[in-house]
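Heads up, the thing below is written out as structure tokens.
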Amino acid sequence: MAELVVDVAVVGLGPGGEALATRLAQAGLAVAGVESRLVGGECPYYACVPTKAMIRAADVLAEARRVPDLAGTAQVTPDWGKVAARVRDEITADWDDRAAVDRLESAGVQVVRGRAKITEPGLLAVADRVVRARRGIVLNPGTDPAVPPVPGLADTPVWTNRDAVRATAVPESLVVIGGGPVGCEFAQVFARFGAAVTLLQSNDRLLPQDEPEAGALLAERFAAEDIRVRTGVKITSVRHDGERFTLELAAAEPITAAQVLVAAGRKSDLAELGIGAYGLDESARGVTVDEHMRAADGLWVIGDIAGRGAFTHMSMYQAAIAAADILGEENPGAEYHAVPRVTFTDPEIGSVGLTEAAARAAGLNVRTGFTPLSSSTRGFLHKADGLIKLVEDADQGVLVGATSVGPTGGEVLGALVLAVHARIPVDQLRRMIYAYPTFHRAIESALADLRA
Ligand SMILES: Cc1cc2nc3c(=O)[nH]c(=O)nc-3n(C[C@H](O)[C@H](O)[C@H](O)COP(=O)(O)OP(=O)(O)OC[C@H]3O[C@@H](n4cnc5c(N)ncnc54)[C@H](O)[C@@H]3O)c2cc1C
């Protein structure tokens, strides 16, 4: 069996794995990067990037539809063919990772194709090869779409995100299962391109990880765009007759649709990775790591499976920390009190840190501040839906969480991430000058509203 001996082997080249392998190779280590599918991982081929291209197109359509209200007549004919061609040609290079492989190889990383399994500490089996990692192994295997255990569902040709980004036509009707960020983003895109969309959510609201005000505002917008949202739903079975899907629901009429898209969470298979070789629990949902991303001596874990947020920015943040640790550089370790997240619906929903409920559950002395975006001049000018909500630890006089909803909610969030991350005193935030008339000026109104 051919043996490749390196200093560090990176298993899974998602955004973090790719960045970390590059960094270590540039620092002079011998690095192998093992990838079973596409170098770059989920984000550039099936997730963040293609979906945001689809959302950009859907937003352009929605803007054009609003033009008669604001400026006169406008005529735009939706053409999904253009969106599909852009995703295929410009965004994913037809799901070809040659450019990413070239980038890694020119940085000095040895790219090994195949599925890696740890057979003993520091040793990987990859098809008919063995990779020996003298200094250690970094795991960045990401997650796969989970299909809930609803009778019949797995036997039908449902879409996951990996199929939806490759869609060459918009189905006439679409049921989206899941009201988290992924489900909400896809629901709005396909609805704006003409699908009759029904979103089924088992929870009692959209975006349950975010402030309830954000989910409620999005539900209002969805209703205005004829997206049917059914919350608190239990699907009892799904079948497909060769043409249409039928979903049976508990205590409600069945629903039929031309297509079903499952956006109901992610799964990972730790046994397949062989982490038991390090004495770690293979039946767990994720891997527990310390603040330097160490799961065991000589084993680092980054990205979705480290369980601190399934985001590309998290994978890359953790990659930088693990790389510093492997290179023996001074680094304070990971901090998670100001993790930002953005759902790129319209309106865009950005959040950082703790929600009000989480802050109260943590026993903090909470004050909240709220303002609708429509009461800001820019919000009024844009006829924009949105809000700012702030969560303050009143004992410390600092923000511990914030939500920004609006046409550029994720961009406005930047100022709030800084405030939470750097623990800037609220008194100081109140003394800042906020440019007029910007969306971010609404932060000043929300600060003025802070109360118990
Ligand atoms: C539809 C959708 C939209 C999203 N949008 C956003 C967004 O806008 N912003 C954001 O921050 N996040 C977004 N995410 C989340 C984001 O895609 C992930 O958090 C991100 O890809 C980071 O994942 P990761 O680094 O853990 O690994 P991944 O990107 O999942 O990559 C892991 C890689 O490891 C490989 N691999 C797995 N096991 C092995 C093995 N045993 N051997 C070899 N290779 C292996 C896989 O093939 C894969 O290529 C979105 C997710 C989805 C599904």
Side-chain angles (χ1 to χ4, degrees), residues 205 207-217 290-291 307-309 311 313-314 317-318 320-321 330-343 347-379 384-452:
R205 60 188 173 93
L207 303 180
Q209 309 298 323
D210 288 305
E211 292 285 8
E213 293 90 339
L217 197 59
D290 71 9
E291 71 275 25
R308 303 309 294 243
F311 310 111
H313 45 271
M314 182 60 76
Y317 173 71
Q318 294 174 335
I321 291 166
E330 193 62 33
N331 85 86
E335 283 188 299
Y336 297 107
H337 69 285
V339 178
R341 53 193 184 276
V342 178
T343 301
E348 224 168 74
I349 297 175
S351 315
V352 60
L354 301 178
T355 58
E356 177 184 354
R360 291 195 191 284
L364 300 183
N365 176 14
V366 170
R367 298 201 309 163
T368 60
F370 181 88
T371 189
L373 213 58
S374 54
S375 66
S376 72
T377 305
R378 186 89 188 266
D385 297 329
L387 58 89
I388 300 283
K389 180 171 176 179
L390 307 176
V391 181
E392 183 193 12
D393 175 343
D395 293 338
Q396 302 297 321
V398 295
L399 299 182
V400 290
T403 299
S404 152
V405 182
T408 56
E411 305 304 326
V412 170
L413 186 73
L416 296 166
V417 177
L418 178 63
V420 175
H421 172 77
R423 300 184 173 93
I424 300 173
V426 162
D427 282 347
Q428 183 130 5
L429 295 173
R430 285 203 175 107
R431 290 199 299 272
M432 259 174 71
I433 304 171
Y434 298 82
Y436 180 85
T438 56
F439 287 123
H440 76 254
R441 200 172 149 80
I443 294 171
E444 190 178 42
S445 310
L447 285 165
D449 184 59
L450 281 171
R451 60 185 120 156

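- Residues Leu413 and Ala402 come closest through the heavy atom pair CD1-O, 4.3 Å.
- Inter-residue side-chain proximity for Gln318 and Met314 is flagged as met; some heavy-atom pair is nearer than 4.5 Å.
- Summarising the geometry of Ile349 relative to Val405, their closest heavy-atom pair is CG1-CG1, 3.9 Å, with the distance given to 0.1 Å.
- No side-chain heavy atom of Asp385 sits under 4.5 Å from any side-chain heavy atom of Leu373.
- Leu450 is listed as a side-chain neighbour of Arg430, based on a closest heavy-atom distance under 4.5 Å.
- When all heavy atoms are compared, the tightest approach of Ala338 to Val420 is CB-CG1, 3.9 Å.
- At least one test fails for Arg441 against the ring of Tyr434: distance under 6.0 Å to the centre or angle within 45° of the axis.
- Taking both residues in full, the closest heavy atoms of Ile388 and Ala446 are given as CG2-CB, 3.7 Å, listed atom of the first, atom of the second, then distance.
- Applying the salt bridge (Lys or Arg N to Asp or Glu O under 4.0 Å) test between Glu211 and each of Arg341, Lys389, Arg205 identifies Lys389 as the sole match.
- The shortest heavy-atom contact between Ser375 and Pro372 is OG-O, 2.9 Å.
- Nearest heavy-atom pair, Ser445 versus Thr371, reported as atom, atom and distance to 0.1 Å: CB-OG1, 3.8 Å.
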Discussion item. Run Asp393 and Leu354 through side chain to side chain contact (heavy atoms under 4.5 Å, CB included) and show every step you take.
Written reply: CA-CA 10 Å; Asp393 175 343; Leu354 301 178; over 6 Å; no
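- Here the side chains of Thr403 and Asp210 are not in contact, with every heavy-atom distance at 4.5 Å or above.
- Separating the CZ atom in Arg431 from the CG atom in Leu447 is a distance of 12.0 Å, to the nearest 0.5 Å.
- At least one side-chain heavy atom of Glu335 sits under 4.5 Å from a side-chain heavy atom of Tyr317.
- A donor-acceptor contact shorter than 3.5 Å is absent between the side chain of Glu392 and the backbone of Arg367.
- In this structure, the side chains of Ile443 and Leu429 stay at 4.5 Å or more apart for every pair of heavy atoms.
- Formation of a donor-acceptor pair under 3.5 Å by the Asp449 side chain with backbone atoms of Phe370 is found in this model.
- Scored by the side-chain contact (heavy atoms from CB on, under 4.5 Å) test, Val366 finds Glu356, Ala359, Arg360, Leu364, Thr368, Val391 as partners (sequence neighbours excluded).
- For Gln209, the CD atom counts as loosely surrounded, since its 6.0 Å shell holds 12 or fewer non-hydrogen atoms of other residues, nucleotides or ligands.
- Listed for the His313 side chain is a donor-acceptor partner under 3.5 Å among the backbone atoms of Pro340.
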